> 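Quick one: structure below, then a few questions.
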Amino acid sequence: MQLVKVDNYEEMSKKACSIIMEHIQENRNPVIGLATGSTPEKLYSCLIDEYKQGKVSFENVTTFNLDEYVGLKKDDANSYHHYMKEKLFDHVGLGVDQVHLPDGHSEDLEQDCLTYEKQIEEAGGIDIQVLGLGLNGHIGFNEPGTPFSSRTHVVELSPSTRSANARFFSSIEEVPTQAISMGIASIMASKKILLLVSGKQKAEALHRLLNSELTEDFPASILQTHPDVTIIADELALEASLSKS
Ligand SMILES: N[C@@H]1[C@@H](O)[C@H](O)[C@@H](COP(=O)(O)O)O[C@@H]1O
């Protein structure tokens with residue numbers, strides 16, 4: 001794992017933006033894996049700025065998102081479909097035929113998981129997967145205990161993840177109890193992984209990632225075995241983390 005230390009959230013976002021831009025500019029049919037949550041918001045606004053300045057085109061880009069809540073319609077304000085449209089897709093000309101998210105409102109969730117894997121395969125696999133880090137080490141919505149061999153699947157969200165994400169909803173009761181997430185093996189199949197970590201609240205998880213052994217109890221630990229992982233972490237996440245060692 002390559003660790004890139006940056007000063008703050010803004011620098012982390014700019015660095016990630018430049019890595020993704022470079023990949024898009026240099027490849028004919030780039031396939032980018034995207035994440036939601038607070039962490040990549042500024043990365044997306046940075047990509048929008050670059051697009052508006054004519055520095056990057058998304059014309060040939062295909063995207064796949066990591067996950068989606070089960071039970072929310074696509075236009076629900078808390079769905080990841082809605083998040084992605086609002087934070088990126090609608091501002092850079094990414095059309096519906098270019099973007100993919102699991103369908104959390106499908107009548108056949110299991111089939112949807114298989115279809116999603118097939119779509120990724122047909123696109124030639126993911127070139128760069130953007131990841132955030134859950135407080136309990138989850139990646140995507142793969143909670144502790146998820147088999148490293150998992151592919152896109154329906155997951156039960158842990159109480160800690162539901163409570164961490166409750167800030168986006170009016171109350172914790174509204175946070176769905178299930179989601180569809182790319183599995184850990186699906187994420188690991190990406191050619192490159194870009195893990196973004198910012199803020200003091202992530203220090204413990206980052207510390208564990210950098211120091212822990214490989215264990216399904218801490219899903220992100222699998223990243224240690226991927227041949228091309230770049231962690232971009234800011235001082236708050238990293239210094240607090242290092243001071244614990
Ligand atoms: N499912 C999402 C993940 O895709 C995200 O990367 C992670 C961190 O979220 P945040 O960036 O808001 O801290 O947890 C959420 O539950």
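Keep in mind the model is a prediction, meaning the values are calculated, not measured. Counting starts at 1 for both ligands and their atoms, in listed order.
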> Drop me the distance from E68's CD to H81's NE2, to the nearest 0.5 angstrom.
5.5 Å
> As an exercise, identify every atom of ligand 1 less than 4.0 angstrom from a heavy atom of N165.
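Here the atoms of ligand 1 in question are 15 (C), 16 (O).
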> Could you find the nearest protein heavy atom to atom 13 (O) of ligand 1 and give me its residue, atom name and distance?
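Sorting protein heavy atoms by distance from atom 13 (O) of ligand 1 puts K202 NZ, 2.7 Å first.
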> Taking the side chain as C-beta and beyond, is there a heavy-atom pair between Y9 and E41 under 4.5 Å?
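In contact.
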> State whether a side-chain donor-acceptor pair under 3.5 Å links N165 with Y69.
yes
> Between D112 (side chain) and S106 (backbone), is there a donor-acceptor pair under 3.5 Å?
no
> Check whether the side chains of E173 and S171 place a donor and an acceptor atom closer than 3.5 Å, and report yes or no.
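Present: a donor and an acceptor within the cut-off.
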> Among all protein heavy atoms in this structure, tell me which lies nearest to atom 3 (C) of ligand 1, with the distance rounded to 0.1 Å.
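Of every protein heavy atom, G140 O, 3.5 Å lies nearest to atom 3 (C) of ligand 1.
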> What atoms of ligand 1 come closer than 4.0 angstrom to any heavy atom of G37?
11 (O), 12 (O)
> Taking Q129 for its side chain and L195 for its backbone only, find out whether a donor-acceptor pair lies under 3.5 Å.
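Checking the backbone N and O of L195 against the side chain of Q129, no donor-acceptor pair under 3.5 Å is found.
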> Keeping Q98 on the side-chain end and F58 on the backbone end, is there a donor-acceptor pair under 3.5 Å?
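Checking the backbone N and O of F58 against the side chain of Q98, a donor-acceptor pair under 3.5 Å is found.
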> What part of R167 sits under 4.0 Å from ligand 1 if we count only heavy atoms: the side chain, the backbone, both or neither?
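The answer is the side chain.
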> Which ligand 1 atoms, with their elements, are less than 4.0 angstrom from a heavy-atom of T39?
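Those qualifying, in numeric order: 10 (P), 11 (O), 13 (O).
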> Can you list the atoms of ligand 1 that are under 4.0 Å from a heavy atom of L133?
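In order of number, 8 (C).
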> Should E41 be listed as contacting ligand 1, given a heavy-atom distance under 4.0 Å as the test?
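Contact check E41 vs ligand 1: negative.
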> Looking only at protein heavy atoms, which one is nearest to atom 4 (O) of ligand 1, and what is the separation?
D67 OD2, 3.4 Å
> Between ligand 1 and T161, is the shortest N or O to N or O distance under 3.5 Å?
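Between T161 and ligand 1 (N or O atoms, distance only) the closest approach is not under 3.5 Å.
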> Identify the protein heavy atom lying closest to atom 5 (C) of ligand 1, giving its residue, its atom name and the separation to 0.1 Å.
T36 O, 4.0 Å
> Using a strict cut-off of 4.0 Å, indicate which atoms of ligand 1 neighbour a heavy atom of F141.
1 (N), 16 (O)
> Tell me if a side-chain donor or acceptor on Q178 pairs with a main-chain N or O of V154 at a distance below 3.5 Å.
no
> Would you mind running through ligand 1 and noting each atom that sits below 4.0 Å from a heavy atom of G132?
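Answer for ligand 1: 6 (O).
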> Provide the number and element of each atom of ligand 1 under 4.0 Å from a heavy atom of Y80.
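By the 4.0 Å cutoff, the relevant atoms are 1 (N), 2 (C).
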> Please verify the inter-ring angle class for Y80 with Y83; under 30° counts as parallel, over 60° as perpendicular, anything in between as tilted.
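The rings of Y80 and Y83 stand perpendicular, inter-plane angle above 60°.
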> Under the 3.5 angstrom rule, does the side chain of E11 hit a backbone N or O of D234 as a donor-acceptor pair?
no
> What atoms of ligand 1 come closer than 4.0 angstrom to any heavy atom of H138?
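The atoms of ligand 1 under 4.0 Å from a heavy atom of H138 are 7 (C), 14 (O), 15 (C), 16 (O).
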